[in-house]
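Below: the structure, in structure tokens.
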Amino acid sequence: MAPLRPAAANDSALSARNDSTTAGTALWREALSAVAVFAVDPQIGLRLAARAGPVRAAALETLHALIADDMPVRKMPAGISEAALLGGLDLAASLHTGQPVLEKGLIADTHGGVLIAPMAERMTQEAAGLVSLALDRGHLSIERDGMSRDMPAQIGVVALDEGMEPDEAPPENLCERLGLWISLDGADPRGESDGGLDAETVVSARSRLASVRPDDPAIETICQTAMAFGIVSLRAPHLAIRAACAAAALGGRLSPSPGDVEAAIRMVLLPRAVTMPSMPEAQDDAGDEPDEDDDAQDDEQPSPPTMPRRSPRRRATIPMFSRART
Amino acid sequence: MFPFAAIVGQDQMKLALSIAAVDPSIGGVLVFGDRGTGKSTAVRALAAVLPEIEMTDCPYHCDPARPDEGCELCRSRAASEIPQKTEAMRVPVVDLPLGATEDRIAGSLDLERALSAGEKRFEPGLLAKAHRGFLYIDEINLLEDHLVDLLLDVAASGENVVEREGLSVRHPARFVLIGSGNPEEGELRPQLLDRFGLSVEVKTPQDLATRIQVVKRRDAFERDPAGFAAEYEAANAEVRDAILAARRRLGTVAVPDETLEKAAQLSIRLGTDGLRGELTLMRAARALAAISGDAVVGWSHLAALAPLALSHRLRRDPLDEAGSTTRVERAVGELAAA
Ligand SMILES: [Zn+2]
């Protein structure tokens with residue numbers, strides 16, 4: 001059975017027959033909602049763990065269908081050079097015009113759109129650092145080839161994580177800045193490929209987004225959960241709040257509902273969890289989890305009952321991801 | 001820009017930056033630590049609380065009061081007693097973006113002039129821009145070694161020498177180098193560490209209330225940057241006034257012999273190499289006294305700054321598992337008791 005299926009409301013219905021089709025559909029739905037949240041607010045960022053194949057292709061197709069037609073979508077090859085990312089002197093044009101002419105790099109060229117990085121696990125730390133700079137600041141300062149320019153660079157990044165081993169992951173400085181972490185492992189798009197979402201819903205959600213405001217309980221729940229999960233960085237709760245707001249905008253709400261907050265926790269915080277607070281510390285191989293563990297924790301969100309317990313590790317703090325591959 | 005006064009906690013980082021703003025001669029600040037702690041936010045926020053300084057109208061905005069430290073143009077003007085045009089400007093904070101090339105850092109041939117007029121002229125680079133201010137490098141551990149070396153050399157000598165593309169130029173470049181980074185992305189070479197005056201280790205706040213406050217402020221800022229900045233304008237102005245007042249007081253702060261002796265004892269106890277640590281500790285303590293409005297540098301100032309001024313200069317002790325900051329704090333405690 002899918003090890004890290006999010007704690008879906010219909011869990012108990014699934015457990016009896018271990019119906020993998022339904023479980024796969026639930027996983028797919030979860031992935032689609034993350035894609036929709038990303039389409040509403042691309043600057044949240046998306047890390048999509050999946051091998052190249054029809055399932056991933058279907059997810060990317062949905063992404064393309066949901067983002068606006070006028071948004072540039074660019075691909076970032078794994079081995080891209082610094083010069084290609086940042087841009088530089090266009091020698092021919094400069095000689096022709098008698099003025100230094102800057103050839104825009106990939107990052108600035110993606111301004112207002114989405115940058116997709118296949119094989120992101122092979123991206124260099126330096127390239128990730130440059131993309132991170134744009135994510136942090138929304139613009140790029142170019143100091144190259146005798147030129148000094150400042151260019152807008154508001155981008156949404158999709159890192160396609162095809163790593164097979166736990167230590168094969170996209171650079172941490174980039175992952176840290178990508179809010180949504182979704183694995184397509186076990187997801188099954190058959191039956192409902194688009195999840196009933198369309199570009200129009202996303203467009204109207206995007207126009208609503210600026211007026212969506214998180215209330216204090218939403219912020220507090222998210223911060224509390226991040227801390228309980230042992231997540232050190234404060235970027236994670238920050239991105240989770242943005243995700244909750246985007247989810248609210250999709251649902252036509254002006255403030256994230258408890259459901260939106262829970263969805264954000266599942267998509268942003270849970271995959272980063274280092275510790276599982278709702279479960280007592282136990283030996284890894286004990287393997288005797290109680291079947292029903294629903295007394296005190298039920299009203300506490302989120303309690304992922306099928307989360308594998310593992311000792312917190314420094315690098316692979318992504319039980320959802322690494323477990324999916326072992 | 002996120003207001004400096006709105007930064008929650010991170011007192012050590014704010015202290016180190018304020019000290020560098022009061023006395024730029026402390027020689028650079030290194031900020032290392034957890035991701036997502038707002039290291040770069042704090043450095044960039046500093047720009048808005050720095051006071052204004054007088055500058056000449058030359059390309060290097062030299063100090064009109066110190067023509068001897070000025071560029072060639074300013075020196076020759078002073079020698080022939082040509083009056084300088086001056087104006088006030090904010091102390092510069094120059095960002096050295098990742099991916100910057102050496103020609104733009106050090107300065108190079110003015111491409112536009114070369115292309116349009118065939119004229120060979122020097123176009124000052126980021127080092128010139130940072131003169132009399134701050135030069136900031138985020139992710140300093142990702143910067144290529146030869147560029148780090150260049151920056152440290154110029155920071156130490158206060159002069160930038162360019163010999164390239166048939167140009168031969170030298171100009172003053174005195175700036176406070178600020179580097180930030182994450183130790184998980186690669187350690188900084190140890191021989192570079194002690195070239196920074198102060199080092200600060202930043203940690204994410206551990207208590208929930210503070211964490212919530214940080215996240216709330218960041219969310220409010222992203223929603224309405226201008227409105228948020230306006231809310232903190234008065235508080236920012238207070239920080240700026242305090243820095244300016246401390247700058248004025250700095251020269252009058254007394255450093256008694258017994259304080260000097262204590263600083264020396266601390267360095268000996270910790271086995272830090274050379275005089276640099278001791279000297280930085282004294283300077284930083286004096287700046288802290290000026291900030292606090294104290295007329296005399298005392299033990300409390302030394303104790304507060306010892307971890308910032310000394311912990312990055314310790315040799316690794318194979319018999320001591322404790323972190324360097326802990327070791328400094330321990331030595332401070334022992335000396336206080338002695
Ligand atoms: Zn000058």
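In what follows, chains are A, B, ... by sequence order, proteins preceding strands, each numbered from 1.
The shortest distance between side-chain heavy atoms of B:D219 and A:P214 falls below 4.5 Å. In this structure, B:K129 and A:S148 have side chains that are in contact, with non-hydrogen atoms separated by less than 4.5 Å.
Atoms CD and CD, on A:Q99 and B:E112 in that order, are 4.5 Å from each other to the nearest 0.5 Å. The OG1 atom of B:T37 sits 8.5 Å away from atom CG of A:L234, with the distance rounded to the nearest 0.5 Å.
For A:R122, the CZ atom is loosely surrounded, since the number of other residues' heavy atoms within 6.0 Å does not exceed 12. B:R170 CZ: 12 or fewer foreign heavy atoms inside a 6.0 Å radius.
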Could you go through A:Q224 and B:L208, starting from their C-alpha distance and side-chain angles, then the distance that decides it, and tell me whether this counts as side chain to side chain contact (heavy atoms under 4.5 Å, CB included)?
CA-CA 7 Å; A:Q224 206 165 3; B:L208 183 61; 3.8 Å; yes

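Between the B:R211 side chain and the A:V232 main chain, a donor and an acceptor come within less than 3.5 Å of each other. The closest donor-acceptor contact from the side chain of A:R235 to the backbone of B:R35 lies at 3.5 Å or more, if one exists at all.
Ranked by non-hydrogen atom pairs under 4.5 Å with chain A, the options B:L109, B:D110, B:T204, B:T41 are led by B:T204. When each of B:N182, B:L126, B:L96 is scored by its heavy-atom pairs under 4.5 Å with chain A, the top score falls to B:L126. The candidate from B:A100, B:G107, B:G125, B:G99 with the greatest count of non-hydrogen atom pairs under 4.5 Å with chain A is B:G99.
Looking at B:Q206, only its backbone comes within 4.5 Å of chain A, counting heavy atoms on both sides.
When every heavy atom of A:V212 is checked against every heavy atom of B:R223, the shortest pair comes out as O-NH1, 2.6 Å. Closest heavy-atom contact between A:P100 and B:L115: N-CD1, 3.7 Å.
Counting only residues at least two apart or in different chains, side chain to side chain donor-acceptor pair (under 3.5 Å) contacts with residues 6-16 of chain B are absent.
Using a cutoff of 4.0 Å between basic side-chain nitrogens and carboxylate oxygens, A:D216 and B:K216 are scored as salt-bridged.
Within residues 136-145 of chain B, the residues that have a heavy atom under 4.5 Å from a heavy atom of chain A are B:E139, B:L142, listed by number.
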